[in-house]
Amino acid sequence: MKTPKRYLITAALPYANGLKHIGHLAGAYLPADIYVRYLKAQKRDVVFVCGSDEHGTAIPIQATKEGTTAQAIIDKYHPIIEQNFKDLGIAFDIYHRTSDPLHHETAAAFFSNLEAKGDLETKTTEQYFDETANTFLADRYIKGTCPSCGNNEAYGDQCEKCGKTLSPEELINPVSTLSGKAPIKKSTTHWYLPLNRHEDFLRDWIIKEHSDDWRPAVVGQCKSWIDGGLQPRAVTRDLDWGIKVPIKGAEGKVLYVWFDAPIGYISATKQWAINNNKDWSPYWNDKETKLVHFIGKDNIVFHCIIFPVMLHLNGHILPENVPANEFMNLEGDKMSTSKGWSIEMEDYINKWIKKENGGEALADCLRFYLTSIAPESKDSEFTWKGFQDAVNGELVSIFANFINRTWVLMHKLCNGKVPPIHQDLLDSEDLAIMQAVKDTTAKVTELLEQYKFRDAQFEVINLARLGNQYMQKKEPWIVAKQIGTDPHAQAKIDNCMHACLQLSANLAILIHPFLPFTAKKMCHLMKVVDKMLEWENAGSFNLLKVGYSLRAPELLFRKIEDEEIAAELAQLQANAAAKKTTMENTSNETESTGPNPLKPEIVFDDFAKIDLRVGTIIEAKKVEKADKLLELLVDLGFEQRTILSGIAMHFNPEDIVGKQVTIVANLAPRKMRGIESKGMILMAEDAAGKLYFVNPTEGIAPGSAIS
RNA sequence: GGCGAGGUAGCUCAGUUGGUUAGAGCACAGGAUUCAUAACCCUGAGGUCUGGAGUUCAAAUCUCCAUCUCGCUACCA
């Protein structure tokens with residue numbers, strides 16, 4: 001494999017609306033950091049870019065929540081997130097931000113170029129508009145009842161209660177969060193990226209070129225998207241928070257956040273180049289640059305489909321690989337900040353690293369465990385017990401213990417100096433351990449090149465294990481007792497300890513990408529400079545000079561105590577319970593003020609237009625290929641008609657036959673799943689989202705009018 | 001419902017183009033040892049490879065059906 005001339009490594013831009021948790025860390029930032037540290041140890045030309053994603057509607061929303069401005073929100077979270085990464089040893093070459101003028105300029109120019117080349121289309125559509133606030137409403141600014149779970153606090157893009165992705169049109173009784181009034185539809189023009197034009201390009205690039213070297217989940221997901229047919233995707237929005245669309249007549253419009261965010265990688269590179277007096281251009285334009293995006297699986301479509309099309313159209317290079325990770329769960333459930341079921345990086349830093357008995361070693365402990373359970377091929381699970389086991393059982397017992405016993409013995413039996421090597425006494429064990437170092441180096445290198453960080457780290461730990469085995473066979477502490485009787489005793493000890501020390505130096509090099517703080521501490525113990533950690537030194541048994549005196553032993557890690565684990569588990573439960581109470585209180589509040597704000601007043605004539613009738617369900621069956629739809633045959637006395645209703649999740653078809661219900665009888669017919677629905681069944685819904693039929697208390701004749 | 005990825009020892013995961021008694025690490029049990037953070041080292045037990053059918057001399061591996069988990073997507077007047 002030819003070594004690329006230079007590398008550009010990106011990690012997904014964290015969204016600056018709140019703290020980020022360890023799932024994010026394990027998914028993108030940690031693997032990226034390991035890879036970058038390895039490349040740098042190889043003395044490759046590499047730039048590692050990241051930054052805060054600060055646009056999009058969720059930022060102003062969060063501002064409203066916290067009672068402040070959007071600018072204040074990003075100014076609050078950007079530095080916190082940046083510092084969190086630093087504390088955990090994630091060493092970006094630049095951590096930029098998309099609110100920076102350089103990014104605005106870069107993204108606007110990107111858009112203008114595509115627009116000028118005719119690579120974008122415009123389309124006019126109807127969007128929700130708030131007449132009071134005189135503005136179009138972004139998805140997030142529309143609230144309503146979730147059609148899926150009945151939560152009446154659902155946003156236009158997602159219901160936070162059930163997690164369902166929504167579009168504003170799906171919301172029942174949509175209401176503007178700005179004015180509290182029902183929005184109207186108004187037409188607006190937007191720019192679209194016609195992905196459909198580029199299906200062949202994507203198919204050639206992904207399926208033909210990368211189906212072997214990309215992860216199966218990534219290729220599978222892409223194939224699924226491409227085969228399903230790509231649609232033009234809006235790249236602009238009606239919003240005032242973001243990058244202004246650089247076109248006359250586009251006032252009040254900004255670039256859609258997903259369009260501007262990935263361009264953030266480019267502007268971050270530019271800023272890095274300015275800071276370091278370099279040229280950014282080859283990193284994005286020279287074919288000999290290897291571009292790798294580290295992301296979580298939720299980002300696959302953006303980094304493998306949309307952004308590559310943008311890059312392609314703008315003449316840039318394409319990513320060589322996009323090693324997306326799956327998700328990391330926590331103690332049996334999905335991680336969720338809003339549900340309190342997560343471990344924020346900030347929390348871990350405060351509770352473990354910044355404690356008296358903490359320190360950087362605890363940052364490495366987290367890095368170690370997260371890498372050992374990295375969700376590289378499937379979702380994985382973080383448990384506090386697992387964290388304790390991994391740290392105590394492998395990091396402490398195998399790795400750190402080997403270093404410690406080596407140091408202690410070396411001071412006891414070799415005066416704290418690197419002992420000489422006696423060639424004539426070298427035996428097969430000595431040769432085997434030397435070979436093992438070379439083998440492990442080769443394995444780790446290969447695994448890292450393939451983005452298999454979990455396996456690579458395991459190999460390093462395993463080398464420490466081999467070291468323990470080697471020392472056990474050699475038993476220098478026993479040999480020491482024979483110094484009076486065996487003339488070769490000291491020489492044997494020297495050989496063993498020399499090997500253990502050289503092995504320790506190799507372990508420092510190999511563990512460095514994974515546990516940078518630990519590697520540094522090992523350098524301190526060995527009294528060597530960081531330069532020793534360069535990858536080309538791995539495999540060598542000449543890293544420490546004979547006669548060089550080393551520092552006194554010092555523990556690399558402390559053990560994780562049972563009480564600490566119990567405390568974390570209790571804390572987690574408490575957080576979740578607290579959030580739950582908050583959420584319930586919130587929904588209670590909304591209940592007391594009315595679950596939905598009252599709709600605007602109407603006159604009697606408006607009401608009289610609605611023809612409500614009592615009907616009896618005489619047949620009910622599930623609509624095929626639909627999870628939520630029931631097909632009902634309703635008797636209205638004068639006729640029977642088919643009505644579809646999205647209640648399949650709440651009722652069994654056989655249970656509702658014979659029920660009397662209230663029907664909107666003069667509603668315009670509507671086709672769903674190929675079946676025409678002639679009317680609508682009225683349902684009442686309680687705070688818990690449970691549905692109830694609205695019906696007369698006693699059975700009356702079908703078709704009876706309601707007024 | 002469609003698509004994608006998974007389902008292998010109690011736990012976390014490997015299993016290359018189908019080929020001898022299915023592997024590793026934790027955890028567990030027994031032994032040995034004391035240089036080391038009750039650490040290390042050795043040995044052992046533990047799996048009808050989600051279920052079923054098929055192709056084959058031979059299936060964890062290929063095909064089909066079922067089932068469960070995760071993600072994307074459709075459906076909600």
Side-chain angles (χ1 to χ4, degrees), chain A residues 145-148 150 164-166 169-173 215-228 296-298 300-301 324 326-327 329 334 369 372-383 385-386 388-390 392-398 400-413 452 454-455 458 461-462 464-465 467-480 493 496-497 500 553 555-559 622-630 643-649 664 667-670 672-675 677-683:
Chain A
T145 303
C146 172
S148 173
K164 168 86 182 157
T165 311
L166 301 169
E169 279 69 31
E170 296 178 86
L171 287 178
I172 301 164
N173 301 332
R215 291 186 177 163
V218 176
V219 177
Q221 182 81 67
C222 291
K223 196 168 175 302
S224 168
W225 273 84
I226 298 169
D227 289 349
K297 70 173 161 184
D298 51 338
I300 290 175
V301 65
E326 307 287 308
F327 289 155
N329 296 326
K334 281 188 220 175
Y369 179 53
S372 75
I373 59 164
E376 288 171 8
S377 55
K378 52 184 157 190
D379 289 356
S380 71
E381 180 154 327
F382 182 105
T383 63
K385 185 75 171 64
Q388 183 188 28
D389 285 348
N392 291 357
E394 291 181 71
L395 249 197
V396 175
S397 301
I398 308 286
N401 183 43
F402 173 74
I403 303 297
N404 190 44
R405 66 202 295 215
T406 297
W407 248 251
V408 170
L409 274 177
M410 181 264 298
H411 276 87
K412 278 188 184 165
L413 307 177
K452 293 183 176 171
R454 192 179 53 206
D455 291 349
F458 175 82
I461 296 301
N462 202 48
R465 196 187 307 276
N468 278 318
Q469 290 168 3
Y470 167 78
M471 197 187 277
Q472 203 69 31
K473 281 180 192 145
K474 289 285 180 176
E475 297 182 310
W477 53 92
I478 303 283
V479 179
I493 292 171
C496 172
M497 294 319 299
C500 287
L555 296 182
L556 293 175
F557 304 101
R558 68 173 179 84
K559 287 208 163 193
K622 269 212 74 179
V623 174
E624 269 186 52
K625 302 183 181 181
D627 288 349
K628 293 167 192 166
L629 278 183
L630 284 188
I643 296 178
L644 296 187
S645 186
I647 55 173
M649 310 286 261
V664 181
L667 192 69
R670 159 124 178 184
M672 284 177 280
R673 294 269 105 191
I675 303 166
S677 175
K678 296 172 184 166
M680 171 178 170
I681 313 250
L682 296 189
M683 305 296 296

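Reminder, nothing fancy here: chain letters follow the sequence lines and each chain counts from 1.
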Listed by chain and number, what are the side-chain hydrogen bond (donor to acceptor under 3.5 Å, both in side chains) partners of A:D227, not counting sequence neighbours? A:R203, A:K223
Applying a 4.0 Å non-hydrogen cut-off, can you work out what A:D379 is touching in the nucleic acid: base, sugar-phosphate, or nothing? sugar-phosphate
The side chain of A:K378 is closest to which nucleotide in this list: B:G6, B:C42, B:C26? B:G6
Please report the interatomic distance CZ(A:F458) to NZ(A:K452), rounded to the nearest 0.5 Å. 14.5 Å
Pick base, sugar-phosphate or nothing for A:L556, based on heavy-atom distances below 4.0 Å to the nucleic acid. base
Have a look at A:G386 and say if it touches a base, only the backbone sugar-phosphate, or nothing, with a 4.0 Å heavy-atom cut-off. nothing
A:Q469 vs B:C42: side-chain N/O to OP1/OP2 distance below 4.0 Å: yes
When you measure from the side chain of A:F557, which nucleotide among B:C35, B:U37, B:G25 comes out closest? B:U37
Give one of base, sugar-phosphate or nothing for A:R215, where a contact means two heavy atoms less than 4.0 Å apart. nothing
Rounded interatomic separation in angstrom, taking CG from A:N392 and C1' from B:A39: 11 Å
When the distance from CZ of A:F458 to C1' of B:G25 is rounded to whole Å, what number comes out? 5 Å
Could you tell me which residues satisfy side-chain hydrogen bond (donor to acceptor under 3.5 Å, both in side chains) with A:K678, sequence neighbours excluded, listed by chain and number? none
Sorted by position of nearest nucleotide on RNA chain B, 5' first, the leading residue of A:D455 and A:S224 is A:S224
Which nucleotide in the set B:U37, B:U33, B:C72 lies at the smallest distance from any side-chain heavy atom of A:W477? B:U33
So what does A:E394 hit on the nucleic acid, given a heavy-atom distance under 4.0 Å: a base, only sugar-phosphate, or nothing? sugar-phosphate
In whole Å, what is the span from the CZ atom of A:R454 to the P atom of B:A24? 17 Å
Where the side chain of A:L555 is defined as all heavy atoms beyond and including C-beta, which of B:C40, B:U37, B:A24 is the nearest nucleotide? B:U37
State which residues pass ring pair (Phe, Tyr, Trp, His ring centres under 6.0 Å) with A:Y470; sequence neighbours excluded, sorted by chain then number. none
The nucleotide from B:A36, B:A5, B:C26 with an atom nearest the side chain of A:P216 is B:A5
Just to be sure I understand the rule, does A:S377 reach a base, reach only the sugar-phosphate, or reach nothing, if contact means heavy atoms closer than 4.0 Å? sugar-phosphate
Ignoring hydrogens and geometry, is there a side-chain-to-backbone donor-acceptor pair from A:T406 to A:F402 under 3.5 Å? yes
Closest to side chain of A:V396, choosing from B:U37, B:A36, B:C40: B:U37
Salt-bridge test for A:K297 and A:E326: reply yes if a basic N is under 4.0 Å from a carboxylate O, no otherwise. yes
Under 3.5 Å side-chain donor-acceptor pair for A:R465 and A:N462: yes
side-chain N/O A:R465 vs B:C26 OP1/OP2, d < 4.0 Å: yes
With sequence neighbours excluded, tell me which residues meet salt bridge (Lys or Arg N to Asp or Glu O under 4.0 Å) with A:K385. A:D389
OP1 or OP2 of B:C26 under 4.0 Å from side-chain N/O of A:K385: no
Could you check how far CH2 of A:W225 sits from P of B:U73, rounded to whole Å? 5 Å
Reckon A:K559 touches a base, only the sugar-phosphate, or nothing at all at heavy-atom distances under 4.0 Å? base
When you measure from the side-chain N and O atoms of A:K473 to the phosphate of B:C41, is any distance below 4.0 Å, counting only OP1 and OP2? no
Between atom OH in A:Y369 and atom C1' in B:C13, what is the gap in whole Å? 12 Å
Contact nearer the 5' end of RNA chain B, comparing A:I643 with A:K334: A:K334
Qualifying residues under side-chain hydrogen bond (donor to acceptor under 3.5 Å, both in side chains), relative to A:E376, sequence neighbours excluded: none
Could you tell me the separation between the NZ atom of A:K223 and the P atom of B:U73, rounded to a whole number of Å? 18 Å
Nearest-nucleotide pick for A:M471, side chain only, options being B:C35, B:G25, B:C70: B:C35
Name the stems that RNA chain B belongs to, where each is three or more consecutive Watson-Crick or G-U pairs with both distances under 3.5 Å? B:1-7 with B:67-73, B:10-13 with B:23-26, B:28-31 with B:41-44, B:50-54 with B:62-66
